[in-house]
Amino acid sequence: MSSRIPRWFGRRTPASPAATTPGPGETPAGPHTVLEADGERFLLRSSADRASTVAELVRDLPAEPGRPVVVVDVTADAAGNLGEELGGLLGRLSADPACSAARLVMSGAAAATAERLPLAQRLADAWQLDIEAPDAPIVLVPGGGLYVAEPTTRAGGWWRFAPGGEPEALGARMPAPRWQRALARVPLGALGGCVVQQIPAGLSLRPAGAAAPRTGELAYALAVHPERLTLLVSSRGASEEGIAEDLATLLAGLPAELRRSVRLAPGDGRDLLPVAETVADLLGTEIEVCTGLPFPLPDGAPGAAHAESVRLNSSEGEPTWPALLASVVCAPAGPDGHRPAARPARWNLPDPVDGPALEPATLRLPDGAYAVAVRAGLWVGDSPVPPPEVRDRPAEARAARIEIADTDDDTSRDLLLTSLAALLPRLDEQVREHAEIAAPKGAGPETVGALRRFSMRHGVAYVTGAREEGTSVTPDAGATPSEPSAPPAAPPGAPVRPMALTSTSTGSPAPATTEATPVHVAAPASEPRPSGPEEVPEAVPTVPTVPTVLAGRPATGSAARPAEEARIPAPSARASAVRSEVHATESVPAPPAAVSTAALPAAKPPAAPTVPAPPAAPRRTGTAPTGASGDGDRAAFRDLASDVWEEHTGPVNQALIRLPALRGTGEAAARADLIAVHLYLTSPPDGPFGALALAEHAEELRPYAACLSSGLGRLPALRGTLMRAVPGPDIPEDVVPGACLHTDAPLDAVHLEAPDAPVPPTEFVRYVIRPLTARRTSALTRDGSGAAALFAPGTAFSVLARYEAGDGLPGRILLAEVPSGAAPFRPPSDEVVARLDTASRRLPLPGGPPWPVRCTGPLTS
């Protein structure tokens, strides 16, 4: 199931007339509703949707013996026999003595109108069966929980309907955590300069001007712990003191049973410990703080029930590596102003070899050394007590920092490195991929040299110099990117993002026949992005899946046959076997008189996105080779570049020594691929191996293009905001919101977040880009810039907005990269578009770096 962030996929079709309701014994023409069964879980779907995403999600829903789950996922054109199939299923369930209730996963099925009872109540009365149903949109959260995002009442969300009885409010979460009822007493909305809002895992606190968490984002992907309430705190745009005061006010007002179970989690990638320490001082009590965001582990993961993985979260909202020190408890300062060090509360280290560890967050290694989990990563030394500067260093989503104790003794240092080498394979895969090793502060040349050799031998990035607290150090070029990229595919054990089920019920009475609206499923916020033929050598984040939004399956009325009513079969004492697919070919009795056959409430079509969403744009494979280069490609490329081959070999060999991860599975293939990239980067745009030649002589240079594309896949991916510029103030007429722009040659751009990023002249039109697959090229150029980025040939971009030049600002075009192949396109959030617009308004500084020629020129449409 699927942070920062969701991509919409699946059916987003407008409501269409429902199919004509067939008579008894008739087979529906065209798409129709069919039933699938999986134990205690049932799915009603369109017969045309054999690859339903929702079908995969149904298997994760909690279902107890005797309390089956029924999910309705039917498009409007297949809803002609929905009433018959749903009624037939409920009839069989009610006839089963072991069945005590059914959970109906259909957004708005518990919502009443002035004219009629809720659909769930009518079904309960008709089939003499308890029905649990939601009164508003549903979000399918990781682990199979069902959350009502905007319940009609504070205590509502999910309701239980008994035949002939009064509905009982069950709360917003199903199954309900222990703290849910107490949460209903917490005031929501404005609090000082902040806003309090419910999320599936508990509560969120954010500055009043910040965007609210939305279904499909990471706030909805957090683990819903049955005993622990999570308070997600975002502080971007507000002072630390203001956030701490509002947070303390919120905690002080919580019911006692909630206050005892609260843990804080950083909602915007910032270090939350300083805020928590201030809150601890204000309240005079201890506070638990997570190092990152807690996500549920998938089924079958090792550990106890409700196992979690706390992952670092970048400022861009991308989860990266699992924290080795998952959370700490900070205490208030004493009367003398001294504050005790935050103590470990939960940690994630390999099992000890020789019995349980004697110290918290500490692992005794076989050679006698100690490995200690710290917030920034790991410390290895000859005692279980790391230096204060190591213990207190905040974590960074960019990398898991590994440090060893400073020693002048070669034997002791070699022993620590030997112990670390034995420990590395036992660490989590994502920790290893994000790991960087740093020399202790003030380390001598012998220690620095030993660590450099260790990093090359074990494929761990080496950071030059000690990082000062609160600042970032630029590692060796290409060692690790400043922000993680999304993985080509989520590795095993990847946490899952929530998926929101959008409401389709308007609450108005439905016409006679039944019609349903499509289920909209939010794909991973970090949808697997194409990363080239090889795995990205940088750290690949394990991305929680975005919450799935099951569009409410209450059906709408249809104008197709206004005189007829949808047939909901009457209860039957005879329970028939449920087939995996039930087609409407059987004769079914008419519904009881007490049940209106306009049973399913009207549906409200989902709101159209603000930005027109183009279809997924496939790579232009006719002119832009993709995938790994072959032996023939590399041999032909070497012949093409024989005159200049040797001058590019040296820089590439140096890069392979600095960054062994660039080699991938074969050093010879990697060398040829990276020589192609280096050749392109050092060629003028109009040179024989530049962008113009690649576009105009595609067939002749195809081996070169194949190696270039393959080589780009070996470079670290780059996230953030990119810019390209075109001379002249005018924007082409066909560059309008919703248009799709393509490039058949590599596309150079500037990474605006880089400290030395240039800005184009104001008389240039600016293309500001939200990337998915851009690559960081400083690993090969070694120019110290870090501002250069490169897209592979065939990349496509969707136009989000255009602004003509005026009021001292240049013409500006906001773009988002479109996924390749069949991957769906999700327009960025309003907040992301606003950030792109802000970046597009940046003015050049006097004496600033010049705008590069290779980042100048139009995109072709």
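If you check the side chains of E227 and S261, you find no donor sitting under 3.5 Å from an acceptor. Remark: the R263 side chain and the T230 side chain contain an N/O donor-acceptor pair separated by less than 3.5 Å.
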For a quick test of your reading: what N or O donor-acceptor pairs under 3.5 Å do the side chains of residues 135-144 make, sequence neighbours left out?
unit_1	atom_1	unit_2	atom_2	d
D135	OD2	T152	N	3.4
D135	OD2	T152	OG1	2.6
D135	OD2	G157	N	3.2
D135	OD2	W159	NE1	2.9

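Proximity of P394 to L273: side-chain heavy atoms (C-beta onward) are nowhere separated by under 4.5 Å. The shortest side-chain heavy-atom distance between N313 and P266 does not fall under the 4.5 Å cut-off. Between L188 and L203 the shortest side-chain heavy-atom distance falls below 4.5 Å. The shortest side-chain heavy-atom distance between L283 and P332 does not fall under the 4.5 Å cut-off. Considering only heavy atoms from C-beta on, L251 comes within 4.5 Å of L231 through its side chain. Looking at heavy atoms from C-beta onward, R311 lies in side-chain contact with P322 at the 4.5 angstrom threshold. Residues R346 and V310 have side chains in contact (heavy-atom distance under 4.5 Å, counting atoms from C-beta outward). Taking 4.5 Å as the limit, every side-chain heavy atom of D837 sits out of range of all side-chain heavy atoms of V833.
Residues C330 and A280 approach most closely at O-CB, 4.2 Å, considering heavy atoms. Shortest non-hydrogen contact noted between W179 and H225 is NE1-O, 2.9 Å. Of all heavy-atom pairs spanning N348 and A323, the tightest one is CB-O, 3.7 Å. Nearest approach of P294 to E308, heavy atoms of both residues: CB-OE1, 3.8 Å. Shown here for D130 and A162, the closest heavy-atom pair between the two residues is OD1-CA, 3.4 Å. Nearest heavy-atom pair across F161 and P167 is CE2-CB, 3.5 Å.
Rounding to the nearest 0.5 Å gives a distance of 10.5 Å between CG of D73 and CE of M106. Going from atom CG of L800 over to atom CZ of R770 covers 10.5 Å, rounded to the nearest 0.5 Å. Atom OG of S234 and atom CG of L205 lie 8.0 Å apart (nearest 0.5 Å). Rounding to the nearest 0.5 angstrom, the gap separating the CG atom in L324 from the CH2 atom in W347 is 13.0 Å. Rounding to the nearest 0.5 Å gives a distance of 13.0 Å between CG of L752 and CZ of R835. Here CG of D428 is found 10.5 Å from NE2 of H434. Values are rounded to the nearest 0.5 Å.
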Side chain to side chain contact (heavy atoms under 4.5 Å, CB included) evaluation trace for R259 with T285: CA-CA 11 Å; R259 192 164 52 247; T285 186; over 6 Å; no

Derivation of the side chain to side chain contact (heavy atoms under 4.5 Å, CB included) call for T291 and L312: CA-CA 7 Å; T291 308; L312 274 297; 4.2 Å; yes

L250/L254 under side chain to side chain contact (heavy atoms under 4.5 Å, CB included): CA gap, chis, key distance, verdict: CA-CA 7 Å; L250 173 59; L254 293 180; 4.3 Å; yes

Working for side chain to side chain contact (heavy atoms under 4.5 Å, CB included), residues L247 and L264: CA-CA 10 Å; L247 179 55; L264 307 183; 3.8 Å; yes

Verdict with reasoning, E753 to T721, per side chain to side chain donor-acceptor pair (under 3.5 Å): CA-CA 7 Å; E753 280 83 3; T721 306; 3.1 Å; yes

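Listed for the S829 side chain is a donor-acceptor partner under 3.5 Å among the backbone atoms of V832. For the pair Q121 (side chain) and P118 (backbone), a donor-acceptor distance under 3.5 Å is absent. In this structure, Q180 contributes its side chain and L170 its backbone to a donor-acceptor pair below 3.5 Å. Checked by atom type and distance alone, the side chain of S327 never pairs as donor or acceptor with a backbone atom of A345 at under 3.5 Å.
Within 6.0 Å of atom CZ in R270, more than 12 heavy atoms from other residues, nucleotides or ligands are found, so the atom counts as buried in its surroundings. By the 6.0 Å contact criterion, CZ on R339 is enclosed, its count of non-hydrogen atoms from other residues, nucleotides or ligands being greater than 12.
For residues 142-151, no residue pair satisfies the side-chain hydrogen bond (donor to acceptor under 3.5 Å, both in side chains) rule, not counting sequence neighbours. Pairs passing the side-chain hydrogen bond (donor to acceptor under 3.5 Å, both in side chains) check and including a residue from residues 185-200, sequence neighbours excluded, read R173-Q198, R185-E257, Q197-R206.
Just one of L232, I287, V233 meets the side chain to side chain contact (heavy atoms under 4.5 Å, CB included) condition when paired with L272; it is V233.
Remark: E286 engages R343 in a salt bridge, criterion side-chain N to carboxylate O under 4.0 Å.
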